[in-house]
Structures are given as structure tokens and as C-alpha cells.
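One structure is given below, encoded as C-alpha cells.
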Amino acid sequence: MKPKVAIFDLTDCEGCEVQIVNSKFIDRILGGVEFVNFRLGQRVNRWDDFDVAFVEGAVITSEELELVKKIREHSKLVIALGSCACFGGIASINNFLDINEGKKYVYGENADKIEFLYIKPLPEIIKVDFMIRGCPIATEDFERVVSDLFAGRIPKEHTRPVCMDCKSKGNPCQLLKGVACAGPVAYGGCGAPCPTAGMPCDGCRGPLEDPQTTAELELLKKIASKDDIVRLFRKFAPMAPIFKDIGGGKL
Amino acid sequence: MGKRIKKENLKRLFDDISKEYKVIAPVKRGEDYVLEEVKDFSEVALDYPTTILPAKKFILPYKEPIFALDGGEFKELIPDEKIAFFALHMCDANAIGRLDLVFWNDPYYQARREKMLIVGISCKPIETCFCKSTGANVLTNACDLFLKADGENYIGFSMTEKGRKFLSQLYFGPETVDVREVKIDYDEKMHLDIYTIGRRILEDYNNPVWEQTAKRCLACTNCTLVCPLCYCFDVIDETFIVPNEGQRVRCWDSCLLLSFARVAGGHNFRKDLKARYRNIYTHKFKTFVDEFGVPSCVGCGRCITFCPADIDMRETLSKLGGA
């Protein structure tokens with residue numbers, strides 16, 4: 001019997017799911033598993049006990065909060081998909097702001113009808129077996145994790161900073177240009193698309209193991225304002241460990 | 001013994017090499033210089049400070065599949081390309097010479113190396129250069145052909161049979177020029193007695209310089225990636241969804257990473273960045289010297305130029321020089 005797989009999404013842009021559909025191996029994946037529940041990818045979906053559930057997005061409403069608990073109960077493995085599920089994502093910038101003011105700005109007189117919880121990353125709500133990080137995820141990372149699961153291996157964490165992806169492409173260093181960049185402390189494996197396109201790394205994959213945060217902050221303080229540093233770490237993975245503190249102003 | 005070549009004739013030399021080889025040369029990209037495949041001589045930067053990545057980028061690529069499983073069938077992937085480096089600086093050419101000592105029996109390295117042509121060129125040492133200290137400022141047979149600046153023009157020296165083939169062609173002058181020694185000579189900003197310092201590393205293992213410098217180090221790995229002689233690699237097995245299709249990949253690694261000295265069971269020999277930072281030096285200036293007689297450093301200065309934290313390897317080394 002094929003493994004039963006579900007892909008759920010909460011509050012998100014669905015970009016990570018698009019990255020899955022983008023896989024050049026999508027035929028092989030479709031041939032190997034049964035997608036029982038995949039709202040974005042197919043018309044007919046149902047609840048069942050899942051071998052693996054991938055969850056994209058941040059938990060913003062109490063409905064979503066209940067949903068993730070239900071997903072956990074029904075799944076052998078839960079894998080967080082993308083920065084929103086892993087680290088709160090862009091939406092969790094609101095955790096640092098006055099949410100009522102924000103809601104009023106966006107929804108006007110309907111603001112009171114809009115529910116918006118303090119956003120916790122998925123691992124703080126339910127047990128998460130693995131995280132596929134990134135905003136959006138890299139298709140290769142999804143393929144790697146699926147390949148490992150098929151082979152019965154535990155997926156491996158990346159242990160390299162974004163700098164390694166960046167410099168291996170021969171890119172000039174953003175920090176040396178005086179641009180605040182999270183590369184040295186950021187979890188790599190993304191292939192450094194941002195610095196390759198001439199922009200600094202925003203650390204969307206959260207912190208690397210053993211990040212040299214003190215040295216990084218000492219360096220950033222020389223080239224950027226406190227506000228810029230706070231904004232850099234509060235952008236895509238605001239609720240990630242370490243980034244949460246810097247984003248909260250602990251420099 | 002050298003032969004003169006006019007600057008305007010370099011194009012003809014380049015074009016002739018291009019007929020046989022995939023030519024890699026320094027080109028300007030934005031503010032920086034990089035080594036890239038070049039088809040048109042006008043793109044070549046003959047006068048450049050240093051390139052971001054060294055020739056290693058092509059000899060030991062960042063990620064290199066070494067064998068594949070294709071539908072369950074084993075296929076060894078031996079590279080098949082004829083590369084010529086054009087206008088490499090002496091330090092970078094000598095770095096390849098030192099890599100040869102390590103990879104002399106590596107089939108993937110040798111497949112490229114045996115067919116390779118290296119054309120060196122004179123440089124103007126910059127503030128970060130210390131090739132004299134590492135003994136990499138002297139012409140060796142790592143270069144097949146070397147172009148020594150002679151005013152506006154060049155004098156070509158062939159060091160190998162492969163190089164001689166190009167030296168004897170039409171664009172070099174007929175008369176020979178008597179030059180006894182070809183080396184890059186200049187006043188280094190900081191001269192280091194590398195061999196003495198190397199011996200000091202183990203004697204003075206707990207020198208405070210390690211702790212002090214590691215505090216500033218970002219462990220970003222840039223210094224090891226841009227180093228022409230940092231060749232440490234990891235081996236990764238990849239499968240492509242189905243179990244009978246995949247590949248084994250050799251990929252650059254860096255001893256600055258926590259994962260580098262982690263072994264099965266989770267034990268880590270170098271948990272502190274201080275120990276990992278020191279390891280770069282112990283390897284380059286002590287154990288490599290013990291094994292091969294030269295340091296695994298050619299003083300190209302890239303680790304200084306491209307360190308975002310402004311760490312200068314020469315300063316660290318100089319603090320070990322005492323006694």
C-alpha cells in the first residue's frame with residue numbers, strides 16, 4: 001500500500017506548496033504516495049490517518065489552532081513546511097507590533113471581527129518531526145526529505161551557513177559592501193538566491209547550529225542602525241530562536 | 001630561458017589555446033574579479049588584484065557527483081574536460097602544485113589535472129599578499145607556461161612539454177632571453193617566518209590569540225572557501241525519490257563548522273570555535289608541512305581580503321612567532 005500523505009495549509013501564501021508542484025520529480029512522488037488530502041493540488045480530499053502530513057503556514061486563528069492539533073492526532077509524522085510553519089513567518093512580525101492598530105489599518109470598522117492570535121511557530125504548539133525551512137522552501141529540500149522518507153532514513157539537517165552557499169557561487173560579500181546581511185548566522189542549503197541576486201540574506205531559514213551571534217551583531221552594529229538590524233531578523237523567521245530576541249530589540 | 005612576446009600577440013596565443021582547451025581566465029564582474037570560462041580574449045583581465053574564488057572552483061568543484069546509480073546501474077563519473085587556466089598569478093599556480101601533492105592518486109582530480117594547461121602571468125602584489133613568506137613566489141613547474149611582464153610586453157617561460165608547444169609558435173620572438181630566476185619580489189607588508197611559526201603552534205597551543213580571534217570570527221567559512229588550498233570535502237549520498245536512482249557527491253566542507261569534526265554517536269572533537277579556528281592554522285602550517293614539506297598556504301591573501309570580520313591571518317600568525 002502506498003503511504004498516505006496530506007499537505008495542509010494555514011495562513012500563508014501557498015508558495016511552498018507551489019515549490020512542491022514545481023519538483024521535476026513530481027511524477028515519481030505521485031507514483032509513490034497517495035495524496036489523501038492536498039487542497040491546493042487536487043479536487044477531492046478526505047480525512048484519514050496519514051503516514052506523513054506536511055503543514056504550511058502560521059497559526060493565526062483558533063480554528064487553525066484546532067486544525068493543527070487534529071492533524072497531529074491523525075499523523076505518524078508531521079513536517080513543518082516553510083518559514084511560516086517553522087518560525088511564524090512574515091505574519092508574526094505582528095507579534096512585535098500593536099495588533100489592534102494593524103487590524104484597524106487594514107480592516108477599518110470590521111477590525112473587531114478579525115481574530116488574530118499571538119503567532120507561535122508550529123513546534124511550540126505540536127510535536128514536529130522535521131522542518132523544511134525557507135521562504136519559500138527549496139524544491140530540492142522537499143525532494144531530499146521525501147527521498148529520505150522513502151528510503152527509511154531520518155532526514156539530515158543542513159549544517160552550513162548561507163555564506164557557504166553564497167561564496168561557493170563566487171558572489172561578492174554583502175557584509176564587505178557594508179550591507180547588513182544575516183548570512184553568517186543563517187541556516188543554509190538554500191543556494192543563496194538572495195545574495196546571488198545582489199541582496200543580503202534575511203535569514204528566512206532561521207539560525208544555523210552554533211551561530212556566532214555575538215560576533216555577527218558586533219559587526220552589524222558597525223555598518224547598520226539598531227532599527228535595521230532588528231528589522232533584518234524580524235522579517236521572515238521572526239519567532240525562530242535567537243532571531244526572536246534580536247527582533248525584539250535585544251542587541 | 002625565455003622568449004619575448006608582444007602584448008598584442010597574446011590574443012593569438014589565447015586563441016590557439018582556445019582551440020584545444022576550455023579556457024578559464026580572470027574577468028571583471030562589477031567591482032570584483034572572478035575566474036570564468038572565457039571565449040573572447042578582450043574579456044581577459046591581464047592586470048588584476050585577485051579573484052574571489054581560486055582555480056579550485058574548477059579543479060575541485062563545489063559539488064561534484066563522483067558516481068551515479070541510474071536505474072540501479074552503477075556509473076562512475078570521471079570528469080572529461082580539457083581546462084586551460086590563462087593568466088593565473090604565481091601563487092594560484094603554485095597552489096595547484098601543492099594540491100597535486102595531496103590529490104596525486106585521486107582519479108577525479110587527476111582526470112582534470114593530466115589534461116590541464118596552466119599559463120601564469122606576472123602580478124602586482126597588493127597589500128594583503130604574503131607569498132614570499134610561504135615560498136610560493138617562485139616559478140615552478142606547476143605553470144606550464146609563464147608570462148613575465150617586461151615593460152609593456154612579456155617574456156614567456158615554458159616549464160613543461162605542454163607549455164613548450166605553445167612557446168615555440170609564431171607569436172614568440174625567435175631569440176632567447178637569459179633570465180636565471182623568475183620570482184615575484186616585493187616588500188611584504190608583514191613578513192612571516194612561516195616554518196618557525198608552524199613549529200610554535202603546538203608548543204604554544206593555548207596562546208590567547210586563538211580565543212581573542214575566535215571571538216570576532218563569524219564561522220562564515222568564507223576564508224576556507226576562497227582559499228586555493230583548503231580542499232577538505234564531505235561526501236553526501238543523494239537519492240532521487242526512487243531508491244535505485246541517485247548519486248554520491250563530493251562537496252566542499254569547512255573545518256570552521258561545528259559539523260566538521262562531529263563523528264558517529266554525536267561526539268565532536270572541536271566543539272569550540274576557538275579549537276576550530278586554530279585547526280586551520282595547525283593544518284596549514286604544522287601538519288601539512290610535516291607531511292609535504294611546504295605549508296598549505298601560498299599567501300594569496302584572499303582569506304584577509306574576503307573576511308567580513310576583518311580578521312588578518314598574518315596578525316594571528318605573527319602573535320605565535322615569539323620565543
Side-chain angles (χ1 to χ4, degrees), chain A residues 23-33 140 142-144 146-153 156-179 181 183-186 188 191 198 208-220 222-223, chain B residues 29-36 51-54 56-58 61-63 213-227 234 236-246 251-254 256-260 262 268 270-273 276-277 302 305-311:
Chain A
S23 171
K24 60 180 180 290
F25 297 125
I26 192 70
D27 287 351
R28 288 183 187 176
I29 297 169
L30 287 169
V33 304
E140 294 74 24
F142 179 78
E143 291 163 350
R144 187 172 60 87
V146 172
S147 299
D148 284 342
L149 293 177
F150 271 131
R153 292 189 294 254
K156 269 193 192 156
E157 294 282 356
H158 286 292
T159 57
R160 299 158 177 228
V162 171
C163 290
M164 202 149 173
D165 296 70
C166 182
K167 192 53 84 226
S168 69
K169 293 196 167 172
N171 294 330
C173 179
Q174 293 290 322
L175 287 166
L176 282 175
K177 287 188 195 167
V179 179
C181 179
V185 293
L208 175 74
E209 64 170 356
D210 195 29
Q212 302 304 312
T213 318
T214 316
E216 166 81 358
L217 288 177
E218 283 305 309
L219 175 59
L220 289 181
K222 287 183 202 157
I223 58 175
Chain B
R29 287 279 173 266
E31 305 275 291
D32 301 281
Y33 290 85
V34 297
L35 284 175
E36 266 181 21
T51 55
I52 297 182
L53 289 176
K56 160 178 102 168
K57 173 181 167 187
F58 296 93
Y62 176 56
K63 272 191 169 182
T213 321
K215 267 188 192 157
R216 287 160 57 210
C217 175
L218 302 163
C220 68
T221 72
N222 274 346
C223 52
T224 55
L225 304 180
V226 298
C227 175
D234 194 6
I236 303 160
D237 284 348
E238 298 175 338
T239 47
F240 303 131
I241 313 294
V242 289
N244 61 353
E245 294 225 9
C251 180
W252 293 358
D253 205 342
S254 171
L256 280 168
L257 298 176
L258 182 63
S259 56
F260 187 85
R262 187 156 52 208
N268 198 325
R270 290 190 284 273
K271 265 191 190 154
D272 298 332
L273 183 57
R276 305 204 290 276
Y277 180 72
R302 283 187 180 85
T305 306
F306 299 111
C307 175
D310 207 17
I311 293 170

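In what follows, chains carry the letters A, B, and so on, assigned in the order in which the sequence lines appear, proteins first and then strands, with residues in each chain numbered from 1.
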Side chains of A/Lys177 and A/Pro172: closer than 4.5 Å at any heavy-atom pair? yes
Measure distances from B/Leu218 to the heavy atoms of chain A and classify the residue's part below 4.5 Å as side chain, backbone, both or neither. both
For the interface with chain B, which of A/Glu157, A/Glu209, A/Gln174 has the highest count of heavy-atom pairs at distances below 4.5 Å? A/Glu209
Contacting moiety of A/Thr214, where chain B heavy atoms sit under 4.5 Å: neither
Under a 4.5 Å heavy-atom cutoff, which of A/Arg160, A/Lys24, A/Glu216, A/Glu143 has the most pairs with chain B? A/Arg160
A/Thr159 versus B/Arg262, side-chain donor and acceptor atoms under 3.5 Å: no
Taking 4.0 angstrom as the limit, do B/Glu36 and B/Arg29 come out as a salt bridge? yes
Cut-off 4.5 Å, heavy atoms of chain B, and the answer for A/Ile29 is both
Side chain proximity check, A/Lys167 to B/Val226, heavy atoms < 4.5 angstrom: yes
Measuring only between side-chain heavy atoms, which start at C-beta, is A/Leu176 closer than 4.5 Å to B/Glu31? no
Chain A heavy atoms under 4.5 Å from B/Ser254: which part of the residue, side chain, backbone, both or neither? both
In terms of heavy-atom pairs under 4.5 Å with chain A, the winner among B/Val242, B/Thr305, B/Asp32, B/Asp253 is B/Asp253
For A/Arg144, is it the side chain, the backbone, both or neither that has a heavy atom under 4.5 Å from a heavy atom of chain B? neither
Any A/Pro161 side-chain heavy atom under 4.5 Å of A/Pro184 side chain: no
Which answer fits B/Lys271, side chain, backbone, both or neither, if we ask what part of it has an atom under 4.5 Å from a heavy atom of chain A? backbone
Taking the basic N atoms (NZ, or NE/NH1/NH2) and the acidic carboxylate oxygens, is any pair closer than 4.0 Å for A/Lys222 and B/Asp310? no
Contacting moiety of B/Ile241, where chain A heavy atoms sit under 4.5 Å: both
Whatever's closer than 4.5 Å to a heavy atom in chain A on B/Thr221 counts as side chain
So which part of B/Lys215 gets closer than 4.5 Å to some heavy atom of chain A, the side chain, the backbone, both or neither? backbone
Could you state the interatomic distance from NZ (B/Lys56) to CG (B/Leu225), rounded to the nearest 0.5 Å? 6.0 Å
Do you know which of A/Glu218, A/Lys169, A/Arg153, A/Lys156 has the most heavy-atom pairs under 4.5 Å to chain B? A/Arg153
Examine whether an atom of B/Glu245 lies under 4.5 Å from a heavy atom of chain A, and if so say whether it belongs to the side chain, the backbone or both; otherwise answer neither. side chain
Does the side chain of B/Asn222 come within less than 4.5 Å of B/Arg302's, by heavy atoms? no
